[in-house]
Number of protein chains: 2
Amino acid sequence: MKPISGKIVERLARYRTFLTEQAPGHRTHLFSHEIAAAMRTADSQVRRDLMAIGTQGVPRHGYEVEALMEKLDLALSLDRTHAVAVVGAGHLGRALISFLEASRSTLCIKAAFDTDPAKCNRVHAGVKCHPMDSLEAVIAREAITLAILCVPAAAAQGAADQLVHAGVKGILNFAPVALRVPVNVALEEIVITTYLEKLAYFTTHPSKERRNGRHEER
Amino acid sequence: MKPISGKIVERLARYRTFLTEQAPGHRTHLFSHEIAAAMRTADSQVRRDLMAIGTQGVPRHGYEVEALMEKLDLALSLDRTHAVAVVGAGHLGRALISFLEASRSTLCIKAAFDTDPAKCNRVHAGVKCHPMDSLEAVIAREAITLAILCVPAAAAQGAADQLVHAGVKGILNFAPVALRVPVNVALEEIVITTYLEKLAYFTTHPSKERRNGRHEER
DNA sequence: TAGATTGTTAATCGATTAACAATC
DNA sequence: TAGATTGTTAATCGATTAACAATC
């Protein structure tokens, strides 16, 4: 399969969410323009993306939902499970644990970590919290490859270094800091204030005609 | 000031985070290449963005941090406060309240809302939780323009409709649903599983040479 | 068959990077 | 002055959209 850009992967993940949202068995097929409408993109965009993962549709019938779902899972490597760690078991960390445990099974949270001894060795939503010193051992034992970082900004780089050293391959960072990680470790950043600031900008500058991110039309 | 694209606004917000991160008074000036290094972009990108908001640097001295900060605040309209509501006072909602109240003051959380009567009329981190029926009244009273949506997927569209009807101008949606809102309401989506799925993809497809989102190099 | 939709290529659009003269 | 950095334009790159022949 050809290399797929980050943008495409992101859209594929969103198509997947949209498909799971549909009442199962409600529709056996969907048209590219239906998916496009929900995603606020062009139908040709959808067809192009689906082409990239080798999906075939049928003119006048659209794409078979079940087959499409399978292709998406395969492309996103969601056919196997991924062991995830949550670092920082404060409000946000625990919220994410409950949230993810409720929704998804292929992304499986195997452990939480925190410096605070009061939080350690307790279980939240089925996930045990460990002290930071046992991070390397637990990550190896549970074969954890992904980590969600919800520690305070000041502690983020240190925690990231520990994670990288322990062999984690991808980090989702919630701390508002510009992290440094080696090239071979994937990094995604969700800085919530950035999104709010973006909203603040667009609500105070109601531009006549903007269409960028996926934050408007319709 | 010229219209600024969503991408640029996002980067401006990130520059701002980076500047606040710097020890105050530690450096009076910064070079474009220094900011660029922290953001993993090109220096010409930074200069171009700063030009867009009318910032002036001095050759061989760089940009004055304090002046730059002021320009950024002005451009992002962070010179005034924005009243924010959190809809859904579950784990995630409460985590976001604590998180934001701790960090930022121009984005000010004025109210929380929840359907669960057990959560209502209680105060979390200085923010009172109201029942959903009083949403319109409270939003009007507190002049709330932005909302963070942390309700379960099934309730998201309904809550969004209520918010729009109450006059909210921007929504940050955490529910994994494709929301429909009018064109004049700004919408940002943070679907956490999408980010994790993106990480899962890139960790299992360690492509020789990818450089998309801002999720790799260095 | 006629009509709608796919697969795919070509055209457009926007965003990023490179380059370099002006400047301190 | 020489050297480094800015402001800004031109070149490149990638992503999105439009268009349309092939197909059911």
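Chain identifiers are assigned alphabetically (A, B, ...) following the order of the sequence lines, protein sequences preceding nucleic acid strands; residue numbering begins at 1 within each chain.
Checked against side-chain hydrogen bond (donor to acceptor under 3.5 Å, both in side chains), Q162(A) has no partners two or more places apart in sequence or in another chain. Scored by the side-chain hydrogen bond (donor to acceptor under 3.5 Å, both in side chains) test, R60(B) finds no partners at all (sequence neighbours excluded). Among residues two or more places apart in sequence or in another chain, the side-chain hydrogen bond (donor to acceptor under 3.5 Å, both in side chains) test is passed with E64(A) by none. With sequence neighbours excluded, the residues satisfying side-chain hydrogen bond (donor to acceptor under 3.5 Å, both in side chains) with Y15(A) are D49(A). A search for salt bridge (charged side-chain N to carboxylate O under 4.0 Å, His left out) contacts involving R48(A) returns nothing, not counting sequence neighbours.
Residue R11(A) has no polar side-chain atom (N or O) positioned under 4.0 Å from OP1 or OP2 of dA15(D). Between S5(B) and the phosphate of dA15(C), there is a side-chain N or O to OP1/OP2 separation shorter than 4.0 Å.
Each side-chain hydrogen bond (donor to acceptor under 3.5 Å, both in side chains) pair with one or both residues in residues 71-87 of chain B, not counting sequence neighbours, appears once here: T204(A)-S77(B), R16(B)-D73(B). Pairs of residues two or more places apart, or lying in two chains, that qualify as ring pair (Phe, Tyr, Trp, His ring centres under 6.0 Å) and include a residue from residues 16-48 of chain B are F31(B)-H33(B). The salt bridge (Lys or Arg N to Asp or Glu O under 4.0 Å) contacts involving residues 166-175 of chain B comprise nothing, where partners must be two or more places apart or lie in separate chains. Screening residues 90-99 of chain B for side-chain hydrogen bond (donor to acceptor under 3.5 Å, both in side chains), with sequence neighbours left out, gives S98(B)-H124(B).
Atom NZ in K7(A) sits roughly 11 Å away from atom P in dT17(D) (whole-Å rounding). Atom-to-atom, CD of E10(A) to C1' of dA15(D) comes out at 13 Å; the value is rounded to the nearest Å. Rounded to whole Å, atom C1' of dA15(D) lies 10 Å from atom CG of D49(A). Remark: C1' of dA15(C) and CD1 of I4(B) are 15 Å apart, rounded to the nearest angstrom.
Note that the OH atom of Y195(B) and the CD atom of E189(A) stand 10.5 Å from one another [nearest 0.5 Å].
Other residues, nucleotides and ligands place no more than 12 heavy atoms under 6.0 Å from the CD atom of E66(B).
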I'd like a table of atom pairs between the protein and nucleotides 4-11 of chain D - only N or O on both sides, under 3.5 Å - with the distance next to each one.
unit_1, atom_1, unit_2, atom_2, d
dA4(D), O4', R60(B), NH1, 2.9
dT5(D), O4', R60(B), N, 3.3
dT6(D), OP1, S32(B), N, 3.0
dT6(D), OP2, S32(B), OG, 2.6
dT6(D), O3', G57(B), O, 3.4
dG7(D), OP1, G57(B), N, 2.5
dG7(D), OP1, G57(B), O, 3.3
dG7(D), OP2, Y63(B), OH, 2.4
dG7(D), N7, R47(B), NE, 2.8
dG7(D), O6, R47(B), NH2, 2.8
dA10(D), N6, R48(B), NH2, 3.4

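For the segment residues 15-22 of chain B, the set of residues with a heavy atom within less than 4.0 Å of an atom of DNA chain D is empty.
Helical stems in DNA chain C, defined as runs of 3 or more consecutive Watson-Crick or G-U wobble pairs with both donor-acceptor distances under 3.5 Å, are listed by first residue as C:3-24 with D:3-24.
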